[in-house]
Amino acid sequence: MILVAGGTGTLGTRIVRALATSGTPVRILTRAPSRAGHLTGPGVEVHLGDVRDPEAVAAAMKGVTAVVSAVQGFAGTDPAGAQAVDLDGNSNLVNAAIDAGARRFVLISATGAASDSPLSLRRIKFQAEQALIHSDLEWTIIRPTVYLETWIGLLGDMITAKGSVTLFGRGRNPINFVGADDVAALVAHTVGAPDLVGETLAIGGPENLTLNDVAGKLLVLQGQNERIRHVAIPVLRVVSTVLRPIKPTVATLAEFGIIMDTTDMTLPRDTARARVPGLPTTRLADLLARVKYAA
Ligand SMILES: NC(=O)c1ccc[n+]([C@@H]2O[C@H](COP(=O)([O-])OP(=O)(O)OC[C@H]3O[C@@H](n4cnc5c(N)ncnc54)[C@H](OP(=O)(O)O)[C@@H]3O)[C@@H](O)[C@H]2O)c1
């Protein structure tokens, strides 16, 4: 039995499907079982629980041999979400896995995870990685670039609601995007691959795209003109600093926007694809061909 924490999310949904399709029994850990409604079927269990609650996490481990953590608290409304979910929640999962004798642990981190990153999320991801590395579990860490599906969702919803897009920064920085299906295929393979124990694998996609590119294509798809507005970097810097004490969630999003617009967001070495040949390579056009918007 494999426990997938975050099994209801963009990536987690695809991991659960990939594992279930290969006949592996899966248990999804979620705060709201209704969010796993699209995943129920043979070999898939749903378990109610919050990774911030050690007792709930321990209860989810019964009969589990491997854990995949695809949780994240960064995008929620709780300003302390990343610390509580990505760090403390993952630490609860690691401790419960040790106590339950579940030896294998695959952690989804993010590219750029580092102790000295200017982005708090990446520092937190690095700390979560270190806690796992220093456990005696058989660990593998996956560091994906940015998911195409996440940004198609975010920008597409903005266009549906407003008929336009507002980007943080100039939107001209090349960013490596990866398909969540590609990452899910890697994760499903990794859980059953003893040769990948003790490795940290970075995975990206075949394209470096700017947010202007992605937004422009989505606007065309929805029959809108190229109406892209930009919030200037100096404004974002002020927002990130001044709003920190009163609106920390907005400040963190501004901080993320600055990083995405001003730092190297490409992936120089795709260590996952070098290590695991044959993974799918999803492109933006593949996903846009499947997107349907109301006329
Ligand atoms: N999106 C990206 O571009 C990107 C890029 C690089 C790395 N990543 C990493 O990839 C992983 C998956 O990201 P995603 O974008 O697929 O996430 P997502 O769609 O936002 O889903 C987040 C998941 O986390 C779960 N979760 C959040 N708080 C929880 C809590 N307190 N207790 C239990 N579960 C909780 C949610 O489950 P319920 O709501 O059902 O409880 C949900 O399944 C994360 O580790 C993320 O940091 C994402």
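First listed ligand is number 1; within each ligand, the first listed atom is number 1. Residue numbers start at 1 and run along the sequence shown.
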Starting from the C-alpha separation in whole Å, work towards a yes-or-no answer on side-chain contact (heavy atoms from CB on, under 4.5 Å) for Trp139 and Thr200. CA-CA 9 Å; Trp139 58 268; Thr200 298; 3.7 Å; yes
Sort out the contact shell of ligand 1: every protein residue with a heavy-atom distance below 4.0 Å, listed by chain and number.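 Answer by chain and number: Gly6, Thr8, Gly9, Thr10, Leu11, Thr30, Arg31, Arg35, Gly49, Asp50, Val51, Arg52, Ala70, Val71, Gln72, Val85, Ile108, Ser109, Ala110, Lys125, Pro144, Thr145, Val146, Tyr147, Thr150.
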If every non-hydrogen atom of Gly179 is compared with every non-hydrogen atom of Thr282, which pair is closest and at what distance?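 That would be CA-CB, 4.0 Å.
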How close do Ser240 and Ile258 get, counting heavy atoms only, and between which atoms?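 Reported closest heavy-atom pair: CB-CD1, 4.4 Å.
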Atom CG of residue position Asn225 - does it have more than 12 heavy atoms of other residues, nucleotides or ligands inside 6.0 Å?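 Check fails, neighbour count at 12 or below.
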Assess whether atom CD of Gln130 is packed by more than 12 heavy atoms of other residues, nucleotides or ligands within 6.0 Å.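 Above 12, so yes.
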Evaluate the side chain to side chain donor-acceptor pair (under 3.5 Å) criterion for residues Asn212 and Thr210: first the C-alpha distance (whole Å), next the side-chain angles of each, then the deciding distance (0.1 Å), finally the verdict. CA-CA 5 Å; Asn212 285 339; Thr210 69; 5.0 Å; no
